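These notes concern the structure reproduced below.
Each chain gets a letter, A, B and so on, in the order the sequences are listed, and its residues count up from 1. Predicted, not measured: the structure shown is a model, and the values here were computed from it.
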Amino acid sequence: MAKVLICVAWPYANSPIHLGHVAGSLLPPDLFSRYRRLRGDEVLMISGSDQHGTPITVRAEIEKVTPLDVAERYHEINKKAIEDLNIEFSLFTKTHTDNHFHVVSDVFLDLLEKGFLYEKVTQQYFCPNCAKFLPDRYVEGICPMCESGHARGDQCEQCGKTFEGGELTDARCVHCLTIPELRETKHHFIRLSAFQEELIDWVKDKQYWRPSVQLFTQNWLEAGLEDRPITRDMEWGIPVPLPDQEGKVIYVWFDAVIGYLSASIEWAKMSGDPDAWKEYWTDPKIRSYYFLGKDNIPFHTIIWPAILLGRGGLNLPYDVPANEFLTFRGDKVSKSRGTTIDIPSLLKKFEPDIIRYYVAANMPENKDADFSWDDFEAKINNELVATLGNYYHRVLSFTYKNFGEVPKLIDATEEKDEILQAIRKTRKSVEEAMDNCHFKRALKAIMDLAQFGNRHFDSTAPWALIKKDRERCGSALHMHLMLVKALAVLSSPYLPTSSEKVWKFLGQDSTIQQSGWSAIDSDLPYHQRLNESKPLFSKIEIEEDENDSMYAGFETLNLKVGRIIEANDHPNADSLLLLDVDIGKKIQVVAGLKEYYSKEEMEGLNVVVVSNLKPARIRGERSEGMLLAADADDIVRLVSPPADSKPGEPVNSGMNQSDRTVEFKDFQKLILRVAEVSKEGLDIGRLIKASNPVEDGSKRVIVYMPSKDAEEALVLATERGPVTVDESLPGGATVR
RNA sequence: AGCGGGGUGGGGUAGCCAGGACAUCCCGUCGGGCUCAUAACCCGGAGACCGGUCGUUCAAAUCGACCCCCCGCUACCA
């Protein structure tokens, strides 16, 4: 028997957890800990809500409530969702507790005393209009090094330079776009550089880590560690535990990772032995596992280990089996079918075991996995219901009906050996996979065993055998009950609820939890009464949302006719133009068209404008929209609305238009193409159909494609007619 | 454009790090079987030159180089 510490990344308390959290960091540790407990190990599994940080205060401002309200609300929602999913933590706490405040303060003071923290005066932006210091991500300006317009308060996104603070050119408050002032402020920095060598040595022998985690960490470390500030000027968070530090709190990333330690301490207090946590953190034989998504790797393989090294005497992570992402791109947006994928609403529709099965079967262990409702439906119905559920049910119901108890086993039959062998083989491969956190592989082995059961059941044909030789039939069924028992135990980390149900059908007094892992191939008592079984899983059906248009993507846009009033050179960029465009109102647009159009050519031109793009600063100048232009290698031409169009007229092709802003990257996912009009249809390199008519004699039109291989596309048009483009462009040319 | 991750029968995947005999499994499809079971289950067939090219090797899906494509992040894409 061993002890294990399982640490799970803390979900951020500003929204409900969704399937991505479950696949990335929540389900794997639960599978692991249930498995280890079954094998008789003692597990301490902890996590909690990450409740501090700017996004929560922003949300609170919007809702006009306190940050605490937001943080507590989502803590409760997520805690419940996690419990309802049957994910069993020793403790799922939160960062806004006295205990956590104390532990973080302790660590802070300890590192300070040891010289791993130092105070440094920096220039920080303060917005007089908003009356507060601005977090770095809420200041934008021009990078002094590379002159990129995409610099944030602490770092330039273009060249990667980090600033001491206050070095930005033309800084702006992102909220109100006014000019913030610089104020001197002192902050504590952690001397990460002091741990570099030690960390490199530590990571070197982590060959058993997932390659992506190990490599990523190694590269990061070899690139060199920079000291990072660990305090901020804001109210929401853990106050810096020193005099004269009003208005300063500990930066959320420093605060959150310490949660692993504070939660362990809190758990120990609650369990009645306040020192119980120590063993888990100091006994070098006790391994610690950290489960998280790949975005979280550096915090757990560099920063947290650095803090632990600074503190001294505490175990560093043994393994960090980070998962990739569960993506949602296969399904057009989230609302398009059935349910959304946040856990509280998912649980209203599906049993936890169903969700657990799907997530485990589609777990992004080695690469991103894609979620789709089709896949969800198929995996549940074909694998869980048809293979495993059906096998359970045919064995249990047939035996119950014909014997009502566990029938007698005749010695030395072939099937006895065959089935026992199959069970043991599966047990071995499941153990091997589980020990190495390969949960998808272990589940596969279990399903293979269920299929073996089905096959064997078919070839034995008990329904025929019972008429000829009741005793031999009973003996065969005995072995199938053994197999059912094995499957129930093996799968219980994945399907805790239904496995216990099977256990009851088998007439067992105890639970699987009590019986333990060895029950996989233990004997079944003859004559043990069976209980009448019911099917464990039923097929699911996911309805299509009929209201959803094929062109939902197009409807996220708001296209308008625009007229270019004035074109000027961008002050800080060679290839960009600054345009004033009339779209019913005057907006400023930055366009990368200088190579293709002269200023004179552009002035007065009618164009099509994406009017609901989220405004951005391009090299320091505000851009409030973009002009649609077709692009084929070295030819770039603006697309033209029909003649006589007036600025501000919608280009909606008869569809709805969105009044919400759209992110540039979401806009980019939409497919717009040039199409050559012919009698046969539209040519975009292949022939497709048009959903709306092209009545006039236009030769080149612009189409919106719902997907890359769609057979039908929507022609961009106003009420006056379709949008056209210069004939030098071939069909299929992209439009952006 | 930069960085990271991928491209394996119609769809989804395993294998790749530690190269070798018919390339795995699920779904779909075609044909058959069975009737205990939730139109389930079981058997068999068709279907992949393992993104492309070149190379290393007796031998490459697996190693190397270059190229193409997809995805994520980042961007003087707007």
Side-chain angles (χ1 to χ4, degrees), chain A residues 146-150 156-160 207 210-212 214-216 219 294-295 324-325 327 329-330 361-362 364 366-370 372 374-375 377-379 381-383 385-387 389-402 438 440-441 444-445 447-448 450-466 473 477 480 533-539 570 572-579 581 587-594 609-610 613-629 631 636 664-665 667-669 708 734 736:
Chain A
C146 70
E147 303 193 337
S148 153
H150 282 268
C156 171
E157 317 222 325
Q158 170 62 18
C159 62
Q207 296 303 328
R210 292 191 179 162
S212 60
Q214 212 253 349
L215 266 155
F216 182 86
N219 290 342
K294 67 177 167 187
D295 52 334
E324 308 288 309
F325 289 147
T327 61
R329 70 184 121 84
N362 197 28
N366 298 314
K367 56 183 166 198
D368 290 354
D370 196 34
S372 78
D374 283 338
D375 190 47
E377 194 174 353
K379 282 211 161 66
N381 289 347
N382 297 325
E383 298 177 20
V385 180
T387 304
N390 185 241
Y391 176 66
Y392 279 148
H393 190 236
R394 66 198 297 210
V395 172
L396 288 167
S397 61
F398 187 86
T399 316
Y400 177 79
K401 221 180 297 171
N402 291 290
H438 293 148
K440 199 151 108 174
R441 189 178 297 174
K444 177 77 173 61
M447 294 308 286
D448 284 347
Q451 197 181 18
F452 166 86
N454 272 317
R455 194 181 311 142
H456 203 281
F457 198 84
D458 264 39
S459 67
T460 313
W463 56 90
L465 192 57
I466 194 161
C473 176
L477 289 171
H480 278 285
S533 79
K534 291 196 191 76
L536 282 158
F537 313 104
S538 9
K539 291 204 170 186
H570 189 292
N572 307 308
D574 297 337
S575 62
L576 299 181
L577 287 172
L578 216 52
L579 307 171
V581 184
I587 60 168
Q588 172 167 291
V589 172
V590 179
L593 295 165
K594 208 161 165 179
V609 180
V610 183
L613 267 188
K614 190 178 166 207
R617 283 176 148 255
I618 313 256
R619 281 222 136 196
E621 290 295 337
R622 196 169 165 82
S623 184
E624 300 167 310
M626 89 178 262
L627 313 185
L628 287 187
D631 176 357
V636 173
F664 184 74
K665 65 175 186 221
F667 165 72
Q668 247 183 333
K669 287 177 189 154
K708 226 177 146 184
T734 55
R736 29 171 212 132

Taking any heavy-atom pair under 4.0 Å as a contact, classify A:V385: base, sugar-phosphate, or nothing. base

Answer for the Watson-Crick or wobble partner of B:rA61, both distances under 3.5 Å, is none

Would you indicate which nucleotide in B:rU38, B:rC43, B:rC34 comes nearest to any side-chain atom of A:W463? B:rC34

Both distances below 3.5 Å, Watson-Crick or wobble geometry, any strand: find the nucleotide opposite B:rU35. none

In Watson-Crick or G-U wobble terms, with both distances under 3.5 Å, the base opposite B:rA23 is none

Hey, what do you get for OH (A:Y392) to CG (A:N454), rounding to the nearest 0.5 Å? 12.0 Å

The reported gap from CG in A:N362 to NZ in A:K379 (rounded to nearest 0.5 angstrom) is 4.5 Å

Specify the closest pair of heavy atoms between A:S533 and A:S397, including all atoms of both residues, with the distance to one decimal. OG-N, 3.7 Å

Would you please confirm or rule out a distance under 4.0 Å between OP1 or OP2 of B:rU38 and any side-chain N or O of A:R394? no

When you measure from the side chain of A:N382, which nucleotide among B:rC27, B:rC36, B:rU38 comes out closest? B:rC27

Distance, rounded to the nearest Å, where A:N390 contributes CG and B:rA39 contributes P: 9 Å

Please report the shortest heavy-atom distance between A:K534 and A:H393, naming the atom on each side. C-CD2, 3.9 Å

Where is the tightest heavy-atom contact between A:T387 and A:N382, given as atom of each residue plus distance? OG1-O, 3.2 Å

Within this structure, what is the CG-to-C1' distance between A:N402 and B:rC36, rounded to whole angstrom? 8 Å

Using only side-chain N and O atoms of A:R441, determine if any of them is under 4.0 Å from OP1 or OP2 of B:rC25. no

Regarding A:F457, tell me which of base, sugar-phosphate or nothing describes its non-hydrogen contacts under 4.0 Å with the strands shown. base

Please state how far atom NZ in A:K440 lies from atom C1' in B:rC26, giving the value in whole angstrom units. 12 Å

Check whether any side-chain nitrogen or oxygen of A:Q451 sits under 4.0 Å from OP1 or OP2 of B:rC41, and answer yes or no. no

When rounded to the nearest Å, what value does the distance between P atoms of B:rC63 and B:rG44 take? 33 Å

Grab the NZ-P distance between A:K379 and B:rC27 for me, whole Å please. 10 Å

With the criterion set at under 5.5 Å between ring centres and under 30 degrees between planes, would B:rC36 be stacked on A:F398? no

P gap between B:rU53 and B:rA1, integer Å: 24 Å

Distance between the P atoms of B:rU13 and B:rG72, in whole angstroms? 15 Å

Have a look at A:P462 and say if it touches a base, only the backbone sugar-phosphate, or nothing, with a 4.0 Å heavy-atom cut-off. nothing

To the side chain of A:D458, which of B:rG33, B:rG15, B:rU38 is closest? B:rG33

Using atom C1' of each nucleotide, how far apart are B:rG28 and B:rC36 to the nearest Å? 27 Å

Contact class for A:A378 vs. all strands (heavy atom < 4.0 Å): base, sugar-phosphate, or nothing? nothing

Give A:F537 one of three labels, base, sugar-phosphate or nothing, depending on what nucleic acid heavy atoms sit under 4.0 Å from its own. base

Opposite nucleotide pairing with B:rC17, Watson-Crick or G-U, both atom distances under 3.5 Å: none

How are the rings of A:W463 and A:F457 set to each other: parallel, tilted or perpendicular (split at 30° and 60°)? tilted

In whole angstrom, give the distance that lies between atom OH of A:Y392 and atom C1' of B:rC36. 18 Å

Using the P atom as the reference point in each nucleotide, state the distance between B:rC66 and B:rC27 in Å, no decimals. 41 Å

For A:K539 and A:N381, the nearest pair of non-hydrogen atoms, with its separation, is CA-OD1, 3.2 Å

Quantified in whole Å, what is the P atom distance between nucleotide B:rC43 and nucleotide B:rC16? 26 Å

In this structure, how many angstroms lie between the C1' atom of B:rA14 and the NZ atom of A:K444, rounded? 8 Å

Going by purine N1 to pyrimidine N3 plus the second Watson-Crick contact, or the G-U wobble pair, all under 3.5 Å, which nucleotide sits opposite B:rU29? B:rG45

Of A:A464 and A:A450, whose closest RNA chain B nucleotide lies nearer the 5' terminus? A:A464

Mind checking the P distance from B:rA21 to B:rU62? Whole angstroms is fine. 14 Å

Atom-pair distance (CG on A:N362; C1' on B:rC26), nearest Å: 12 Å

Separation of atom CG in A:N454 from atom P in B:rU35, rounded to whole Å: 16 Å

Using the C1' atom as the point on both nucleotides, what is the distance between B:rU56 and B:rA65, in whole Å? 11 Å

What nucleic acid atoms does A:L465 come within less than 4.0 Å of, heavy atoms only: base, sugar-phosphate, or nothing? nothing

Position toward the 5' end of RNA chain B (nearest nucleotide), A:N381 or A:K401: A:K401

